[in-house]
Amino acid sequence: MAGTKRIKTALISVFHKDGLDDLLKKLDQEGVQFLSTGGTQQFIESLGYECQKVEDVTSYPSILGGRVKTLHPKIFGGILARRDNEEDQKQMVEYTIPAIDLVIVDLYPFEQTVASGASAQDIIEKIDIGGISLIRAGAKNFKDVVIVPSKAEYPVLLQLLNTKGAETDIEDRKMFAERAFGVSSHYDTAIHSWFAAE
């Protein structure tokens, strides 16, 4: 497996913006380009950073009341493409798919919404689809991609950036992938438990 990889482009799509400031500052200092959606993109730009809109890459706006924002081959292709696979690389050029090296995402607060006594309709809207898919895609392709699956991992990434700059080793990426699958497993278990209790 290829060892060290440089983070050049980060896809950032988070529900909770708190704690993102320090990460954005360090990533910007390292020359990392930002790609984002909706509220996160506005937040990034409000701090004075340039940020490309996901819809400029996909040519689709956020649709279906925000249910579909990042679910597009140009986004998932950019995460899942194998950098050492010639056919994957050819297709990235053919379909103008940008390589995404870092994914920072967190999930809709499903458990908190259930605990608040919200209606079933509100709870269902807090079942994250795009976010969980981004987490799984980034973790699957840990050979090439860094996945940060919740704000709990922000300090871990920041420490890494402060120590190594925007370079990560395979061990770093595998550690984040393990944590990512832990997050997705916990999230799906919570959703399953709610459905089972209904």
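What you see is a predicted model, and the numbers here were worked out from it, not measured in a lab.
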Can you sort out the partners of [X] under side-chain hydrogen bond (donor to acceptor under 3.5 Å, both in side chains), two or more places apart, ordered by chain and number?
X    : result
S13  : T37
D188 : none
D128 : none
K74  : T96

Review point. Between E125 and Q121, do the side chains contain an N or O donor and an N or O acceptor separated by less than 3.5 Å?
Key: no
Point to revise | Hydrophobic cluster of Y95, others only, ordered by chain and residue number, side-chain cut-off 4.5 Å | key: M92, I97
Check your understanding: Taking the inter-plane angle between the rings of F110 and W194 on a 0 to 90° scale, is it parallel (under 30°), tilted (30 to 60°) or perpendicular (over 60°)?
Key -> perpendicular
Revision key, fill the gap. With D101 as partner, the option from R83, K8, K143 fulfilling salt bridge (charged side-chain N to carboxylate O under 4.0 Å, His left out) is R83
Practice item. List the atom of S62, the atom of K69, and the distance in Å for their closest heavy-atom pair. Key: OG-CG, 3.2 Å
Point to revise | Any pair counted as side chain to side chain donor-acceptor pair (under 3.5 Å), so long as it reaches residues 152-168, sequence neighbours left out | key: R6-E167, E153-R179, K164-D169, K164-D172, T168-R173
Check your understanding: Do K151 and D18 have side chains that get closer than 4.5 Å, going by heavy atoms?
Key -> yes
Check your understanding: Should K5 and D144 count as an ion pair when the cut-off is N to O under 4.0 Å?
Key -> yes
